[in-house]
Amino acid sequence: MTEIRDLLLSRIRDVADYPEPGVMFKDITPLLADPAAFTALTDALAEIAERSGATKVVGLEARGFILGAPVAVRAGLGFVPVRKAGKLPGATLAQAYDLEYGSAEIEIHAEDLTGEDRVLIVDDVLATGGTAEASVQLIRRAGAEVAGLAVLMELGFLNGRTRLEPALGGAPLEALLTV
């Protein structure tokens, strides 16, 4: 696992002062552009999906789509996107959540999850945990069970894990990297 972590870390680029001064942005696009690194990431997340007993993978807009869809294919599972409000046609379930300055809302197709589903949530970064917490609530409202949350990278200094653990109710939270 150390070898995979080193490979992933070597392909994540730091971008200073983006999107605003004082922020060190972790750019994963070089990782996605490298077939060996992207394959290693997909394999590691698919192994988490298989271990969790998931029946579906939920990817959070937008980079969670990029990571979650190949994970679902690799693990032989269905993929369900969680979108920003207003992006999905048809009947949806919505979940509002608070941001640092304001609020946002995410949606899922009402029929995409059932009481038979165990869902692994996949995203690129766990920061403050607001979007992930809202997705846990949304999945449960759809009647499905949360099998866990898997992310490429956890920004430990933002304490998202502390916020999320009560919402997860014992379901595992796995980060391949913690920075």
Side-chain angles (χ1 to χ4, degrees), residues 1-2 4-15 18-20 22-28 31-32 37 40-54 56-68 71-72 75 77 80-84 95-106 108 113 117-142 144-179:
M1 193 56 136
T2 301
I4 291 171
R5 285 189 180 121
D6 290 346
L7 173 62
L8 298 177
L9 276 172
S10 75
R11 300 304 188 273
I12 296 171
R13 178 175 59 138
D14 286 343
V15 180
Y18 183 83
E20 58 186 56
V23 173
M24 181 63 71
F25 185 78
K26 300 293 187 182
D27 181 13
I28 69 165
L31 187 157
L32 300 174
L41 172 59
T42 300
D43 289 346
L45 292 171
E47 193 273 323
I48 293 170
E50 291 165 359
R51 204 172 58 236
S52 75
K56 296 212 173 121
V57 171
V58 159
L60 306 183
E61 189 165 342
R63 288 180 298 262
F65 298 172
I66 296 168
L67 303 183
V71 166
L77 305 173
V80 179
V82 167
R83 302 284 325 254
K84 294 175 183 170
Q95 182 69 46
Y97 63 102
D98 292 329
L99 299 168
E100 188 174 351
Y101 301 104
S103 63
E105 192 172 53
I106 55 174
I108 195 168
L113 296 175
D117 286 315
R118 285 181 46 82
V119 177
L120 178 69
I121 304 163
V122 173
D123 205 4
D124 65 329
V125 174
L126 173 60
T128 62
T131 307
E133 182 180 38
S135 70
V136 167
Q137 294 166 347
L138 190 57
I139 289 162
R140 289 199 178 118
R141 285 187 44 230
E145 179 184 348
V146 176
L149 172 69
V151 296
L152 163 60
M153 186 174 15
E154 178 179 353
L155 305 180
F157 61 94
L158 292 176
N159 299 315
R161 180 177 293 267
T162 302
R163 175 181 185 167
L164 265 180
E165 284 179 336
L168 285 168
L173 166 53
E174 297 193 47
L176 299 177
L177 306 171
T178 301
V179 295

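Numbers for residues simply follow the sequence, beginning at 1.
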For the atom pair [atom1] ([X]) and [atom2] ([Y]), what is the distance rounded to the nearest 0.5 Å?
X    : Y    : atom1 : atom2 : answer
T178 : M153 : OG1   : CE    : 10.0 Å
L164 : S135 : CG    : OG    : 7.5 Å
L32  : L67  : CG    : CG    : 6.5 Å
L177 : L155 : CG    : CG    : 10.5 Å
L152 : I12  : CG    : CD1   : 4.5 Å
K84  : E105 : NZ    : CD    : 13.0 Å

Inset, instruction - With sequence neighbours excluded, tell me which residues meet salt bridge (charged side-chain N to carboxylate O under 4.0 Å, His left out) with R13. - result: D27
Legend entry - E61: salt bridge (charged side-chain N to carboxylate O under 4.0 Å, His left out) partners, not counting sequence neighbours: R83
Can you see which heavy atom on [X] is nearest to which on [Y], and at what distance?
X    : Y    : answer
A144 : V119 : CB-CG2, 3.9 Å
I108 : P81  : CG1-O, 4.0 Å
G53  : R118 : O-NE, 3.3 Å
L77  : A49  : CD1-CB, 4.0 Å
P172 : A147 : CD-O, 3.3 Å
L45  : A150 : CD2-CB, 3.8 Å

Legend entry - Side chain to side chain, L138 and V58, heavy atoms closer than 4.5 Å: no
Inset, instruction - Report yes or no: does R5 contribute a side-chain atom to a donor-acceptor pair with the main-chain N or O of L176 at less than 3.5 Å? - result: yes
My understanding is that only residues two or more places apart in sequence, or in another chain, count here; which of them pass side-chain contact (heavy atoms from CB on, under 4.5 Å) with [X]?
X    : answer
T42  : F38, P70, V71, R74
V23  : P19, E20
A171 : V146, L168
A142 : L93, L113

Inset, instruction - Give every residue pair that meets the side-chain hydrogen bond (donor to acceptor under 3.5 Å, both in side chains) criterion with at least one member in residues 148-161, sequence neighbours excluded. - result: E154-R161
Inset, instruction - Answer yes or no: does atom OH of Y18 have more than 12 heavy-atom neighbours from other residues, nucleotides or ligands under 6.0 Å? - result: no
With a 3.5 Å cut-off and sequence neighbours excluded, list the donor-acceptor pairs that the side chains of residues 122-133 form with protein atoms.
from	atom 1	to	atom 2	distance (Å)
D123	OD1	G64	N	3.4
D124	OD2	R63	NE	2.3
D124	OD2	R63	NH2	3.3
T131	OG1	Y97	OH	3.1
E133	OE1	R163	NE	2.9
E133	OE1	R163	NH2	3.1

Inset, instruction - Taking side-chain hydrogen bond (donor to acceptor under 3.5 Å, both in side chains) as the test, write out the residues that go with E47, two or more places apart. - result: R51
Inset, instruction - Name all residues meeting the side-chain hydrogen bond (donor to acceptor under 3.5 Å, both in side chains) criterion together with D14; count only those two or more places apart in sequence or in a different chain, and write none if there are none. - result: K26
